[in-house]
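Notes follow the structure.
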Amino acid sequence: MSENKRASFGGKLSVILVAAGSAIGLGALWRFPYIAGKHGGAAFLLVFLLSVLVVGIPAMLAEFAIGRKTRKNAVGAFREISKRWSWLGYSGVLCALFISGYYYLIAGWSLEYLVSSATGLLYNSSLPFTEQFNEFQGSYRPLIYGIIFILMTYFIVSRGVEKGIEKASNVMMPMLFVILVVMAVRVAFMPGAMDGYRFFLSCDFAEAFKPETIMMAIGQAFFSLSVGMGCMVTYASYFKKDNNMVSTSLNVSLLTLAVSVLAGLVIFPAVFSAGLEPTEGPSLVFVTLPEIFKGMPLPSLWSAIFFLLVILASLTSTISFHEVLTAYTAEEFKLSRKGGALVTTGISIALSAVTFFGLFGVDFFTLFDNVTANMLMPLGAMFTCVFVMWFMKKGFMREEITNNGECNNRVVGVLLFMLRFITPLLIFYIFIKNFL
Ligand code: PHE
């Protein structure tokens with residue numbers, strides 16, 4: 001695609017919704033609640049909040065700057081600036097591949113739940129929700145739904161940036177927000193809800209500041225903000241030149257935080273009200289939320305609406321890492337956009353099958369999740385910060401994020417200071433501390 005023909009996202013709000021669409025997904029709705037449940041509730045929330053502010057936002061800005069400046073896919077962008085740093089782009093592509101290996105499968109779980117809600121099966125069955133979940137996991141349906149999810153993603157990505165990605169995000173994100181608020185209000189009236197708030201909002205500082213917890217929180221921040229693997233580089237390559245990236249990154253982060261907290265406020269009261277364990281793990285959302293709906297009038301309807309929205313939120317995220325791979329394959333191997341999307345789709349199906357069936361007894365779910373969120377993304381973000389602040393010409397970041405001085409303010413100075421020293425050093429320190 002030649003530079004001037006390259007697509008771009010429309011207005012300011014659209015840019016925020018598209019980037020927030022990538023950010024908000026299973027990370028906030030599914031991963032955050034179960035990890036917070038395991039690592040001390042509000043204590044985790046606090047460290048997560050700090051991670052978003054200190055490492056997430058600065059690193060997101062670094063990616064925005066590189067993407068908008070070069071207007072290329074992740075690999076092309078780093079290579080255009082320096083051949084020696086193109087490996088950072090490849091690390092992003094690798095990360096997108098690993099995420100593709102498991103994210104679609106989990107996103108597919110909500111397809112199953114949408115169908116079983118809509119048909120009434122979920123609430124008419126005599127089996128408890130935990131057993132229904134286990135029965136589902138023991139069948140072939142997770143793989144089938146995972147593949148359907150990949151095909152839905154392909155459909156939108158292959159339609160292009162404006163018609164596909166932008167349109168989808170603009171409708172789906174606001175809907176998600178509204179339904180979450182309705183659910184948070186509803187669950188407040190369930191018996192036992194107080195115990196959930198007590199759990200989620202009580203602070204255990206000893207747990208919160210363990211290196212392991214901090215690493216998990218940093219990993220969650222990167223995963224949830226889609227930062228550290230070239231996704232925001234790719235998306236920013238479709239930004240217009242006058243986009244105020246500082247306010248975009250703040251808005252996206254705030255929205256992601258808000259949805260994570262809302263998810264916690266919905267799920268923990270429900271967990272306690274249903275007498276379940278907050279440390280349940282990855283199945284948390286899928287076995288607890290039906291408990292909320294069961295006590296409401298028209299459970300199947302509410303449940304179907306909710307899982308539909310989880311699907312939509314996940315879809316705006318799968319689109320974004322599919323796009324990282326599509327832009328890469330299309331631009332680097334000189335394929336058409338459709339061709340790139342098709343190759344990406346084939347690889348995603350193959351990887352999901354490997355994860356589903358397993359190979360050599362390896363648990364690919366945990367492996368892919370750990371390697372991406374707790375290793376590749378933090379390290380990718382760290383090197384991206386070092387790259388823009390220490391390798392690029394002096395003043396590059398300031399020029400980019402202020403649009404050549406047009407939107408300068410005090411926050412910019414603070415962000416640049418964090419980017420130069422605090423963000424990379426903090427990631428490095430925690431990373432080393434956690435591994436030694
Ligand atoms: N941020 C997305 C989520 O929370 C996941 C994601 C990670 C998307 C990395 C793109 C890139 O669901």
Side-chain angles (χ1 to χ4, degrees), residues 17-36 48 51-52 56-57 59-60 63-64 67 73-74 89 91-110 149-150 153 156-157 165 168-169 172-173 176 180 216-236 249 252-264 282 285 309-328 344 348 365 368-381 384:
L17 289 178
V18 168
S22 165
I24 298 168
L26 293 176
L29 298 171
W30 163 80
R31 202 174 184 275
F32 173 77
Y34 87 78
I35 291 188
F48 174 58
S51 306
V52 168
I57 294 175
M60 186 188 293
E63 286 197 24
F64 279 174
N73 69 84
S91 138
V93 166
L94 185 70
C95 200
L97 276 176
F98 285 173
I99 295 178
S100 308
Y102 79 97
Y103 198 104
Y104 291 112
L105 287 171
I106 301 189
W109 295 0
S110 0
F149 217 98
I150 298 175
T153 308
I156 298 181
V157 173
I165 300 179
S169 303
M172 296 178 193
M173 299 319 293
L176 173 73
L180 270 178
M216 296 294 286
I218 289 182
Q220 174 63 22
F222 286 130
F223 184 81
S224 206
L225 295 175
S226 314
V227 164
M229 45 76 71
C231 184
M232 291 302 178
V233 172
T234 309
Y235 265 18
S249 71
V252 169
S253 306
L254 264 177
L255 286 171
T256 310
L257 275 170
V259 171
S260 306
V261 173
L262 266 175
V285 172
L309 287 169
V310 177
I311 291 166
L312 299 182
S314 314
L315 197 55
T316 50
S317 300
T318 55
I319 290 170
S320 70
F321 54 80
H322 196 292
E323 175 65 28
V324 170
L325 298 170
T326 297
Y328 165 70
T344 303
S348 306
F365 269 108
F368 284 155
D369 182 59
N370 259 326
V371 170
T372 51
N374 298 336
M375 287 170 73
L376 285 178
M377 296 174 89
L379 290 181
T384 307

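Values in this document were obtained by computation on a predicted structure and should not be read as measured data. Counting begins at 1 with the first residue of the sequence. Note that ligands are numbered from 1 as they come in the structure, with each ligand's atoms numbered from 1 the same way.
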For S224, atoms of ligand 1 separated by under 4.0 Å from a heavy atom: 1 (N), 4 (O)
Nearest non-hydrogen protein atom to atom 2 (C) of ligand 1, with distance, is S22 O, 3.2 Å
Is the F365 ring parallel, tilted or perpendicular to the W109 ring (thresholds 30°, 60°)? tilted
Polar side chain donor-acceptor pair, H322 to T318, under 3.5 angstrom: no
List the closest protein heavy-atom neighbour of atom 1 (N) of ligand 1: residue, atom name, distance to the nearest 0.1 Å. F223 O, 2.7 Å
Does Y104 have its ring centroid less than 6.0 Å away from the ring centroid of F321? yes
Side chain to side chain, L376 and M229, heavy atoms closer than 4.5 Å: no
Below 4.0 Å from any atom of ligand 1, is there a heavy atom belonging to M377? yes
For atom 8 (C) of ligand 1, the option (of S226, A20, A107) bearing the nearest heavy atom: S226
At less than 4.0 angstrom from any non-hydrogen atom of I99, what atoms of ligand 1 do you find? 7 (C), 9 (C)
With heavy atoms of Y103 as the reference, note each atom of ligand 1 found under 4.0 Å away. 3 (C), 5 (C), 12 (O)
re atom 3 (C) of ligand 1, the protein heavy-atom contact at minimum distance is A23 O, 3.2 Å
Are any of the side-chain heavy atoms of V93 and N73 separated by less than 4.5 Å? no
Could you tell me the residue and atom name of the protein heavy atom closest to atom 11 (C) of ligand 1, and the distance to it rounded to 0.1 Å? M229 SD, 3.4 Å
So, regarding C231 and ligand 1 (criterion: nitrogen or oxygen to nitrogen or oxygen, under 3.5 Å), is there a contact or not? no
Does either side chain, that of T256 or that of S224, offer a donor lying less than 3.5 Å from an acceptor on the other one? no
So do M60 and V252 actually touch side chain to side chain, heavy atoms under 4.5 Å? yes
Which of the ligand 1 atoms, numbered from 1, are nearer than 4.0 Å to a heavy atom of S320: 8 (C), 10 (C)
